[in-house]
Novice: 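Sharing a structure, written as structure tokens. Questions coming.
Keep in mind that the numbers below use all heavy atoms, side chains included, and drop hydrogens, waters and symmetry copies. Just so you know, these numbers come straight off a predicted model, no measurement behind them.
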Amino acid sequence: MTRDLEAAQRFYRAVAGWRFRPARLGDAFSVAFLDRVPVAGIGALAADLGVAAAWTPYFAVDDADVAVDRIRERTGTIAVGPVSFESGGRAALVADPDGAVFGIWEGNVAADWRAGKGPLPAWLELRTRNALDAAMFYGAVLEWATDRPGCCTVSYEEDQVVLRQNGEPVARLNSGPVELAAYSPHTRPRWHVHFRVPRLRPAIEAAVMLGGRMVSDITSNAAERWVTLRDPDGALFTLTTDVGADSDEDLARPGLY
């Protein structure tokens, strides 16, 4: 959700190479595509709402009312909804017991909508106080690791809870340094989105040129290199690419920051 839909589309088109189409929810919404695959939705915030611009994951559920009841029973918070849309579907904006905000969606989902790592365009990370407790909450609310059709599997790998769909990792739940939240807001308990780009340097330069900024150093492991950014409206996100896509010399050139 953003305050200026057209500006957000220009920003993410330049940074991530997305193309946009109108969404079924009305003129205030659009869907971003990468290589004809839907990646994300962008919606315009009403001018009188004192809500921060942010990326928020929405999880599909069979019954929004049932999911909302489960959230309340497990000390989560219901902020909005469930709300019905004229074009079909119902949604609610909620938070888990640690305050991480997410949404639930009851209705049709595009068959080719994908998320994950590897060649897929996006994946999700939950930064929370206790990943195992969070996995119990989300598993009960969203019916993870059940026999429900299209359901996900959950495993514990390298100190993370990993959610997989059709064998592909789509989300990771991490226990992080959330006690530093007062000094570093992006470490608060929250869902965080990662978007894949071919190269980091051109994406960062495009983001800075259009009013975004880096909020972390460039970090890497044996397989990937990534950086966290804030878009011009304040929404946090991480860009990631394969190691080798950018040379160390390119990343160190003046002007990157």
Novice: Can you list the other members of the hydrophobic cluster that holds V162, where links are side-chain heavy atoms under 4.5 angstrom apart?
Specialist: none
Novice: Looking at CG of D96 and CG of L126, how far apart are the two atoms once the value is rounded to the nearest 0.5 Å?
Specialist: 6.0 Å
Novice: Transitively linked via ILVMFWY side-chain contacts under 4.5 Å: V141 with L93?
Specialist: no
Novice: Do E224 and R196 meet the salt-bridge criterion of a basic N to acidic O distance under 4.0 Å?
Specialist: yes
Novice: I need the Y138 OH to L173 CG distance, nearest 0.5 Å.
Specialist: 7.5 Å
Novice: Taking only residues two or more places apart in sequence or in another chain, which ones pass salt bridge (Lys or Arg N to Asp or Glu O under 4.0 Å) with D69?
Specialist: R72
Novice: Donor-acceptor check, side chain of S175 to backbone of A131, threshold 3.5 angstrom: yes or no?
Specialist: yes
Novice: With a 4.5 Å heavy-atom cut-off, do N221 and W226 have their side chains touching?
Specialist: yes
Novice: What residues form a side chain to side chain contact (heavy atoms under 4.5 Å, CB included) with R13, not counting sequence neighbours?
Specialist: Q9, R10, R19, F20
Novice: Sequence neighbours left out, what passes side chain to side chain donor-acceptor pair (under 3.5 Å) with S155? Give chain and number order.
Specialist: E157
Novice: Considering only Ile, Leu, Val, Met, Phe, Trp and Tyr, and joining two whenever side-chain heavy atoms are under 4.5 Å apart, list the other residues clustered with M136.
Specialist: none
Novice: So which heavy atom on A67 is nearest to which on I104, and how close?
Specialist: CB-CD1, 3.7 Å
Novice: With side chains defined as the heavy atoms from C-beta onward, is the minimum distance between F29 and L5 less than 4.5 Å?
Specialist: no
Novice: Can you list, pair by pair, the side-chain donor-acceptor contacts under 3.5 Å of residues 55-66, counting residues two or more places apart and other chains?
Specialist:
from	atom 1	to	atom 2	distance (Å)
W55	NE1	Y12	OH	2.9
D63	OD1	D65	N	2.9
D63	OD1	V66	N	3.1
D65	OD1	R90	NH2	3.3
D65	OD2	R90	NH1	3.2

